[in-house]
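Because only heavy atoms are used, hydrogens play no part in the values below, and waters and symmetry mates are left out as well, while side chains stay in. Please read all numbers here as calculations on a predicted model, not as lab measurements.
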Number of protein chains: 2
Amino acid sequence: MNFSVAEENYIKAIWHLQRYNDDVTTNLLANQLNTRPASVTDMLKKLKAKKLVHYEKYHGFSLTSEGKKIALGIIRRHRLWEFFLAEKLKFDWDEVHDIAEDLEHVSSKKLIDKLDEYLGFPKVDPHGDPIPDNQGKMETSSAIGLDELEINKVAEVSGVGNQSSELLELLKHKNIRIGTKLEVKKRFEFDQSLEIKIRNLPAFTISEQLAKNLLVKYGK
Amino acid sequence: MNFSVAEENYIKAIWHLQRYNDDVTTNLLANQLNTRPASVTDMLKKLKAKKLVHYEKYHGFSLTSEGKKIALGIIRRHRLWEFFLAEKLKFDWDEVHDIAEDLEHVSSKKLIDKLDEYLGFPKVDPHGDPIPDNQGKMETSSAIGLDELEINKVAEVSGVGNQSSELLELLKHKNIRIGTKLEVKKRFEFDQSLEIKIRNLPAFTISEQLAKNLLVKYGK
DNA sequence: AATTAAATTTAGACAAATCTAAAAATTATT
DNA sequence: AATAATTTTTAGATTTGTCTAAATTTAATT
């Protein structure tokens with residue numbers, strides 16, 4: 001089976017929303033895709049007909065296992081291209097997402113498997129998100145939000161909560177990237193802001209919101 | 001300005017047809033694109049409105065200079081991706097065309113310029129066709145058809161007349177590729193077939209049709 | 001030059017993906 | 001539980017790109 005760009009964008013968006021929301025709603029999806037709820041309803045009917053989503057009108061929807069498989073294929077293509085763009089073409093990590101958004105819809109399986117091999121079967125993309133292998137399997141991350149990190153324990157940034165240009169711009173400005181080692185020195189109860197320290201640089205403060213969007217792993 | 005995949009395919013097809021045909025006709029273009037003449041007429045109106053083609057109904061059409069510029073951008077993307085696929089991902093030269101056909105529609109200029117740089121600013125694609133630079137300029141080939149080559153002069157294969165899988169399959173079978181050095185030993189007047197010789201391999205015969213689709217350059 | 005043949009264009013329809021506005025169903029609130 | 005507010009769906013249009021069948025124009029032939 002082959003899918004249109006529009007269908008793939010819906011499948012991918014549902015997959016992403018399912019990860020952080022108990023139930024994905026029509027409005028939420030419309031908002032995510034910058035479209036209208038009516039358009040979402042229309043597309044849900046098409047995706048249901050193709051057995052990619054479970055859908056009962058007025059009662060929500062979710063990806064079928066087939067839908068998830070398709071989603072993982074799209075995610076795989078997206079993240080491999082992101083890796084390629086950053087690693088080989090030397091794009092900054094805040095530039096790769098938008099371009100990969102287009103490249104991900106080129107769906108030759110042979111192309112993607114050869115690209116994967118060429119890149120050395122990378123496990124994570126430039127934002128620290130895991131890349132599914134050609135069977136659709138991927139590393140389950142042991143990362144936690146920086147807001148949950150214990151005081152004075154060194155951890156390594158392994159991912160970001162989302163790849164909005166706003167977040168990436170902020171991280172670039174603060175010189176934080178994947179692999180950066182840091183520790184939390186103090187938590188301010190007033191606004192849950194954190195004082196953090198990176199190696200021998202002076203300590204500085206980050207907001208609760210930023211902390212929640214920084215994924216870290218202990219030690220190693 | 002941004003163009004749809006359909007528009008880009010029309011522009012590219014017109015550009016290609018213009019190279020070998022004095023005037024490109026509606027039927028010819030329809031045939032090339034596997035579509036109906038009526039669809040061609042419809043699209044010509046749109047392309048005219050965007051000033052990409054000169055078009056007067058019933059009196060033919062051709063690309064404007066703006067149209068040619070767009071075409072060269074598409075050709076550039078196509079050929080750079082072909083080079084990437086063959087050189088980096090180790091695709092056979094008869095596999096790269098179809099995949100590049102999809103990749104060429106991803107139109108980030110920065111992506112293409114960085115890809116170009118990464119590849120070392122290649123001058124020709126795996127079929128020997130010249131790659132336009134980021135100004136739209138490209139090598140004009142001094143290649144001639146093998147059917148025009150003098151007897152007993154060594155020449156090097158520099159390109160093919162088209163990239164149909166049929167032609168490429170035949171060349172693969174005969175072990176002829178870009179860079180192959182060969183000479184014509186004899187021309188048979190009966191059917192214009194040629195006896196050719198590649199280095200120390202035994203001589204063999206090729207049809208006139210094949211000879212015309214093999215582009216060669218002298219010596220070097 | 002008149003007729004026939006071929007090429008091209010128009011008219012009208014269709015599928016995909018979207019939209020707005022209105023209707024229906026669900027959920028929340030008094 | 002009835003009403004209000006919110007969410008979701010339907011109905012009907014719109015745009016893009018395509019199609020078939022008929023009409024028109026140009027080119028070829030007698």
Side-chain angles (χ1 to χ4, degrees), chain A residues 1-14 17-18 21-63 67 70-71 74 101-102 104-107, chain B residues 1-15 17-18 20-63 67 70-71 74 101-102 104-107:
Chain A
M1 244 302 186
N2 234 34
F3 304 100
S4 71
V5 170
E7 288 169 333
E8 289 192 347
N9 285 337
Y10 273 89
I11 295 166
K12 195 177 58 148
I14 297 170
L17 290 175
Q18 277 188 175
N21 300 86
D22 294 333
D23 49 61
V24 182
T25 67
T26 303
N27 274 346
L28 193 62
L29 184 51
N31 189 59
Q32 174 83 4
L33 288 168
N34 262 303
T35 186
R36 304 287 141 209
S39 310
V40 171
T41 301
D42 289 344
M43 183 57 91
L44 285 174
K45 288 183 199 162
K46 288 174 204 163
L47 295 178
K48 180 180 181 175
K50 295 188 177 191
K51 298 185 189 297
L52 300 176
V53 295
H54 300 293
Y55 169 55
E56 292 304 328
K57 62 169 157 167
Y58 291 111
H59 291 89
F61 52 89
S62 63
L63 291 176
I70 304 301
I74 303 165
E101 202 89 307
D102 288 334
E104 73 187 11
H105 300 295
V106 177
S107 60
Chain B
M1 243 302 184
N2 235 35
F3 304 101
S4 70
V5 169
E7 288 169 333
E8 289 192 348
N9 285 337
Y10 273 89
I11 295 166
K12 194 178 58 149
I14 297 170
W15 188 88
L17 290 174
Q18 276 188 176
Y20 300 107
N21 301 86
D22 295 333
D23 49 61
V24 182
T25 66
T26 302
N27 274 345
L28 194 62
L29 184 51
N31 189 59
Q32 174 85 3
L33 288 168
N34 263 302
T35 186
R36 305 288 138 205
S39 309
V40 170
T41 301
D42 289 344
M43 183 58 91
L44 285 173
K45 288 183 198 162
K46 288 174 203 161
L47 295 178
K48 181 181 182 174
K50 295 188 177 191
K51 297 186 189 298
L52 300 176
V53 296
H54 301 294
Y55 170 55
E56 292 305 328
K57 62 169 159 169
Y58 292 111
H59 291 88
F61 53 91
S62 63
L63 291 176
I70 304 300
I74 303 166
E101 202 88 311
D102 288 334
E104 73 188 11
H105 300 295
V106 176
S107 61

Legend entry - Residue-phosphate contact under 4.0 Å: B/Ser39 side-chain N/O, D/dT18 OP1/OP2: no

Inset, instruction - Ignoring backbone atoms, test whether B/Ser4 places a side-chain nitrogen or oxygen under 4.0 Å from the OP1 or OP2 oxygen of D/dT16. - result: no

Inset, instruction - Identify the 5'-most and 3'-most nucleotides of DNA chain C with at least one atom closer than 4.0 Å to a non-hydrogen atom of chain B. - result: C/dA7 to C/dT10

Distance, nearest 0.5 Å, that separates [atom1] of [X] from [atom2] of [Y]:
{"X": "A/Ile14", "Y": "A/Asn21", "atom1": "CD1", "atom2": "CG", "result": "12.0 Å"}
{"X": "B/Leu44", "Y": "B/Leu29", "atom1": "CG", "atom2": "CG", "result": "6.5 Å"}
{"X": "A/Lys45", "Y": "A/Tyr55", "atom1": "NZ", "atom2": "OH", "result": "6.5 Å"}

Inset, instruction - Report yes or no: do A/His105 and A/Asn9 form a side-chain donor-acceptor pair below 3.5 Å? - result: yes

Legend entry - Nucleotide of D/dT9, D/dG17, D/dA21 approaching B/Ala38 most closely (side-chain heavy atoms): D/dA21

Legend entry - Residue B/Arg36, side-chain heavy atoms: nucleotide from D/dT18, D/dC19, D/dT9 that is nearest: D/dC19

Inset, instruction - Indicate, with a heavy-atom threshold strictly under 4.0 Å, whether B/Thr41 touches base, sugar-phosphate, or nothing. - result: base

Quick one: [X] [atom1] to [N] [atom2], roughly how many Å, whole number?
{"X": "B/Phe3", "N": "D/dT16", "atom1": "CZ", "atom2": "C1'", "answer": "16 Å"}
{"X": "B/Met43", "N": "D/dT18", "atom1": "CE", "atom2": "C1'", "answer": "9 Å"}
{"X": "B/Glu7", "N": "D/dT15", "atom1": "CD", "atom2": "C1'", "answer": "12 Å"}

Inset, instruction - Pull out every residue in residues 27-35 of chain B that has a heavy atom closer than 4.0 Å to any atom of DNA chain D, ordered by number, or say none. - result: B/Thr35

Legend entry - For DNA chain D, the residues among residues 53-61 of chain A that have a non-hydrogen atom under 4.0 Å from it: A/Tyr55, A/Lys57, A/Tyr58

Inset, instruction - Flag the pair B/Glu7 and B/Lys12 as a salt bridge only when some basic side-chain nitrogen lies within less than 4.0 angstrom of an acidic carboxylate oxygen. - result: no

Inset, instruction - Determine, stepwise, if the pair B/Phe61 / B/Leu47 fulfils side chain to side chain contact (heavy atoms under 4.5 Å, CB included). - result: CA-CA 10 Å; B/Phe61 53 91; B/Leu47 295 178; over 6 Å; no

